[in-house]
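The figures here come from the full heavy-atom set of this structure, side chains too, leaving out hydrogens, waters and symmetry mates.
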Amino acid sequence: MTQKDEYIRVLDFLERGRAGQKDEPVAHGIGAENFNLLEVVMRDEVRPKGGQELYIGEGQRDEVKYIKGRISFDDLTSTGQKELDYVLKALVDEKEEKFVRFFNEATPVTPRRHAFELLPGVGTKLMQNLLDEREKEEFESFKDIKERVSTMPEPSKLVVDRIIKELKGEAKQKLFT
């Protein structure tokens, strides 16, 4: 079962809603904690901007009338799909501690495959370098990972790329969504 989000970050605002649907102001957003893609109906006077945080939890919502429902990556507008990369980068950077913990605690997901290898661009050699460095001492930050594993691409970018892959439905196993 999918975890609920308390807040979303706006990916796109459609003042008249999606084509062929009820004429009401909607926003596409991504959950700030669990990365659920959602469509929400906005209060008439509210015009959110890309990246803006909106409360969607239980109780009084000042900007959002109601949650219309979950949407897929393909339901996002082209603007929403482009904005997703920037918004996710900001979310991953804000929650760096959570994702560094992933690098410190990741384990094999099958007898022949480690969770590190599910990150785009991480192969056997890079996985082994990560494991070797982690064994010496836990990672403290994305910067620490990058400095200690010199062949490592930008760790936050790997996480963002993996989340997008999961949202597109291109991943058999989920790490972050």
Looking at E147 and K143, is any side-chain nitrogen of the basic one under 4.0 Å from a carboxylate oxygen of the acidic one? yes

Tell me whether V159 shares a hydrophobic cluster with V87, the cluster being built from Ile, Leu, Val, Met, Phe, Trp, Tyr side chains joined at under 4.5 Å. yes

For L84 against I30, the heavy-atom pair lying closest together: CD1-CD1, 3.6 Å

L131 with L118, same ILVMFWY side-chain cluster at under 4.5 Å: yes

Side-chain contact test, heavy atoms from C-beta onward, threshold under 4.5 Å: evaluate it for L38 versus K68 and give yes or no. no

Salt bridge check, R43 against E24: does any charged N sit closer than 4.0 Å to a carboxylate O? no

Could you check whether E15 pairs with R47 (Lys NZ or Arg NE/NH1/NH2 to Asp/Glu carboxylate O, under 4.0 Å)? yes

Do L14 and F73 belong to the same hydrophobic cluster, where Ile, Leu, Val, Met, Phe, Trp and Tyr are linked whenever their side-chain heavy atoms lie under 4.5 Å apart, directly or via other members? no

side-chain hydrogen bond (donor to acceptor under 3.5 Å, both in side chains) for D144 and S141? Distances and angles first, verdict last. CA-CA 5 Å; D144 184 36; S141 65; 5.4 Å; no

Pairing of K4 and E33 as salt bridge, 4.0 angstrom limit: no

Cationic N near anionic O, under 4.0 Å, D161 to K157: yes

Here the pair of heavy atoms bringing E117 nearest to T124 is OE2-OG1, 3.6 Å

Is any side-chain heavy atom of M42 closer than 4.5 Å to one of L54? yes

Can you tell me if NZ on K98 sees more than 12 non-hydrogen neighbours from other groups inside 6.0 Å? yes

Is the F103 ring parallel, tilted or perpendicular to the F116 ring (thresholds 30°, 60°)? parallel

Do you know which of F176, F139, F142 makes ring pair (Phe, Tyr, Trp, His ring centres under 6.0 Å) with F99? F176

If hydrophobic clusters are built from ILVMFWY residues whose side chains come within less than 4.5 Å, do I164 and F102 share one? yes

Heavy atoms of L91 and G31 approach each other most closely as CD1-O, 4.2 Å

Side chain to side chain contact (heavy atoms under 4.5 Å, CB included) partner of P153, the single match among V122, L158, L119: L158

Under the salt bridge (Lys or Arg N to Asp or Glu O under 4.0 Å) criterion, do R9 and E53 qualify, and how do the steps go? CA-CA 5 Å; R9 294 286 174 89; E53 186 171 79; 3.4 Å; yes

Do the side chains of T151 and N129 get nearer than 4.5 Å, heavy atoms only? yes

So among E133, E140, E137, which one has a side-chain hydrogen bond (donor to acceptor under 3.5 Å, both in side chains) with R148? E133

Let me check something: do I71 and I56 share a hydrophobic cluster, defined by ILVMFWY side-chain heavy atoms less than 4.5 Å apart, either directly or through other members? no

For a 4.5 angstrom cut-off between non-hydrogen side-chain atoms, does S156 reach E96? no

